[in-house]
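Reading through the structure tokens given below for one structure.
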Amino acid sequence: MSYPLPGDKSRALLARGLPHLRNGLWYRGASEKSAGKGFQAPAQMIVGRAAGDYVWDLDGNRFIDLQNGWATNPLGNCHPEIIEAVHQAHKQYGFQWEHPLRIPLVEQLAAVMPGQALPRFSFEVSGTEAAESAIHLALCYTQRRYIISFSSSFHGEGLGTKMVSAYNSDNNLYMEAWAGGVLKAPYPYSENIPAGMNQEQYVEYCLWYLETHIPDFVVPPENVAAIIVEPGLAEGGNWIPSPAFLQGIRRICDKYDWLMIADEVLTGLGRTGKMWAVEHYDVVPDILVAGKNLSGGIEACAGVAARDEILGDNPRATAGSTFAGTPGGCAAALKTLEIYQRDNILQQAAKLGELAVERMAGWPARYAIVGEVRTLGLLMGVSFRAPESVAEDFHVARSVRDAMLRRGVWAICDNEAQVRMYPALNMDKAVLLEALDLMEESIDEVQRKGITVGDYPPMPSGNVGF
Ligand SMILES: Cc1ncc(COP(=O)(O)O)c(C=O)c1O
């Protein structure tokens with residue numbers, strides 16, 4: 001099977017968007033250049049309908065959904081119970097700030113936080129706002145000026161989160177001056193491990209950089225407020241850190257009295273097979289950032305959890321925009337947590353993750369274009385390279401993602417040389433295995449025929465190309 005993408009209806013609507021949407025000119029230029037060299041544009045579609053493990057495009061083509069609303073639909077698309085809960089909240093409260101659902105939700109969140117040590121929660125609309133709020137909270141609480149973040153990290157698209165993110169050297173272009181309070185440290189998992197070092201040695205080097213280099217040569221330790229880290233680097237390449245690295249960060253934070261902020265916007269609420277990714281590492285952060293899955297895939301809900309003293313008495317750290325913690329968002333989160341418990345969702349996710357890793361384990365040996373399979377639960381990524389090269393290559397990754405879409409499997413490949421997959425935590429086992437079979441066919445095709453998608457620089461916003 002191979003869908004001719006985009007289908008007629010999707011193509012017509014995409015054409016209407018080109019003159020108005022962000023980067024339409026860029027997209028048209030890249031397409032013309034690419035076509036001139038005989039490459040095809042990345043396959044695109046627009047979702048016409050979504051249900052459970054699938055989405056359908058405007059033309060009625062069906063896709064297995066591994067894109068998952070950018071990892072926001074933990075229980076599959078349009079979960080009827082969550083829709084109903086949100087609908088009830090809309091009917092009863094419309095939008096009011098002082099609705100009653102916040103309180104049962106913060107009680108429940110406190111009960112599921114790592115070590116039950118983060119009992120306070122502050123609502124935000126998006127992961128971006130929540131990450132910014134966590135940073136503000138840390139600066140105000142410690143009354144210090146610097147935040148340490150990592151290369152390849154992604155924390156959002158607001159001005160503050162752009163400053164701490166570093167997934168490539170361009171993402172702070174023209175804004176460098178705004179990042180005065182940010183110290184970027186190397187993340188030990190990347191393509192760029194110094195020659196002659198193995199992975200463990202590079203982890204040690206990166207911890208030395210935090211523990212010795214920054215305090216001795218960059219900023220006195222008593223002026224650093226916090227380290228913000230993703231315990232599973234999703235956007236930056238689906239790298240899964242080792243216990244040594246995250247436990248090392250915890251130890252260094254304790255030594256210098258720095259706060260550890262775990263950005264669990266993508267990894268949290270079951271994505272890795274545990275409620276929080278930090279639980280794989282036996283680490284309890286001081287502040288945790290949550291979002292995405294908390295929405296139940298229906299209505300945005302995000303926020304920051306923290307230790308009692310950090311969030312319980314810190315009036316300088318103002319937070320929470322108008323639409324933070326809406327009735328619908330809180331209703332979605334409450335229903336999502338209820339279903340997690342009732343249906344053993346974390347166990348389901350962990351089992352599915354094991355199945356997936358088993359299915360993909362042989363790929364690096366079998367296919368010259370496959371670099372690594374990087375997974376933790378259902379945080380799944382496969383890196384790609386050109387057959388004769390050791391360097392990761394996003395044209396190859398994009399061609400695989402393209403071949404997958406044409407076969408009816410929707411996955412992510414935007415800025416990176418990986419295909420990333422975030423199935424629903426309760427995806428049907430057979431559907432997940434079918435998707436991975438189709439992915440393997442796609443890998444085989446790209447390995448035999450070479451890349452099909454060329455000449456597109458990193459895609460500004462992924463799937464539809466602009
Ligand atoms: C780790 C991490 N933090 C923050 C964000 C930003 O969240 P949002 O897109 O909801 O603003 C993302 C989004 O992908 C993320 O992956």
Side-chain angles (χ1 to χ4, degrees), residues 22 66-74 122-138 147 149-168 171 182 187 189 226-241 246 249 260-272 276-278 285 287-305 319-321 323-326 329 332-333 336 374 376-381 411-416 418 420-422 458-463:
R22 189 163 65 96
L66 302 183
Q67 197 259 17
N68 196 256
W70 295 92
T72 56
N73 292 326
S122 171
F123 286 98
E124 300 290 348
V125 180
S126 65
T128 298
E129 282 171 278
E132 297 196 347
S133 185
I135 290 165
H136 187 217
L137 192 61
I147 296 287
S149 67
F150 291 102
S151 54
S152 302
S153 63
F154 180 74
H155 300 286
E157 292 289 2
L159 189 55
T161 37
K162 277 188 159 91
M163 295 301 102
V164 287
S165 298
Y167 53 86
N168 62 42
N171 83 299
V182 181
Y187 196 80
Y189 303 89
I227 297 182
I228 182 165
V229 63
E230 289 166 86
L233 199 83
E235 298 275 341
N238 231 80
W239 294 97
I240 313 299
L246 283 186
I249 291 176
M260 178 175 183
I261 305 173
D263 181 346
E264 293 249 19
V265 169
L266 198 147
T267 52
L269 288 135
R271 171 57 49 207
T272 67
W276 309 104
V278 287
I287 300 177
L288 183 147
V289 190
K292 290 201 185 258
N293 278 350
L294 198 54
S295 68
I298 303 298
E299 183 141 327
C301 190
V304 184
S321 55
F323 291 106
T326 57
T336 301
R374 300 178 191 140
L376 187 62
L378 294 174
L379 181 77
M380 309 195 322
I412 297 175
C413 174
D414 56 353
N415 283 297
E416 64 284 330
Q418 293 83 38
R420 292 187 285 134
M421 293 154 288
Y422 302 128
M459 308 271 275
S461 83
N463 290 309

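If you're wondering where the values come from, they're calculated on a predicted model, not measured in any experiment. First listed ligand is number 1; within each ligand, the first listed atom is number 1.
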Under the side chain to side chain contact (heavy atoms under 4.5 Å, CB included) rule, collect the residues that match up with A319, sequence neighbours excluded. S122, E124, S133
Sub-4.0 Å atoms of ligand 1 with respect to non-hydrogen atoms of H155: 3 (N), 4 (C), 5 (C), 6 (C)
Partners meeting salt bridge (Lys or Arg N to Asp or Glu O under 4.0 Å) with E299 (sequence neighbours left out): none
Any atoms of ligand 1 less than 4.0 Å from a non-hydrogen atom of E230? List them with their elements. 1 (C)
Atom indices of ligand 1 within 4.0 angstrom of L266 heavy atoms, with elements: 16 (O)
Between R420 (side chain) and N238 (backbone), is there a donor-acceptor pair under 3.5 Å? no
Heavy atom to atom 5 (C) of ligand 1, shortest distance: which of T267, L294, V265, V289 holds it? V265
D263: numbered ligand 1 atoms lying under 4.0 Å from its heavy atoms: 1 (C), 2 (C), 3 (N), 4 (C)
Tell me if a side-chain donor or acceptor on E264 pairs with a main-chain N or O of W276 at a distance below 3.5 Å. no
Can you tell me which residue and heavy atom of the protein come closest to atom 9 (O) of ligand 1, and the distance to 0.1 Å? T128 OG1, 4.2 Å
Side chain, backbone, both or neither: the part of E129 lying under 4.0 Å from ligand 1 by heavy atom: neither
A student checking ligand 1 against E235 at a 4.0 Å heavy-atom cut-off should list atoms 14 (O)
Among all the protein's non-hydrogen atoms, which is closest to atom 12 (C) of ligand 1, and how far away is it? F154 CE2, 3.6 Å
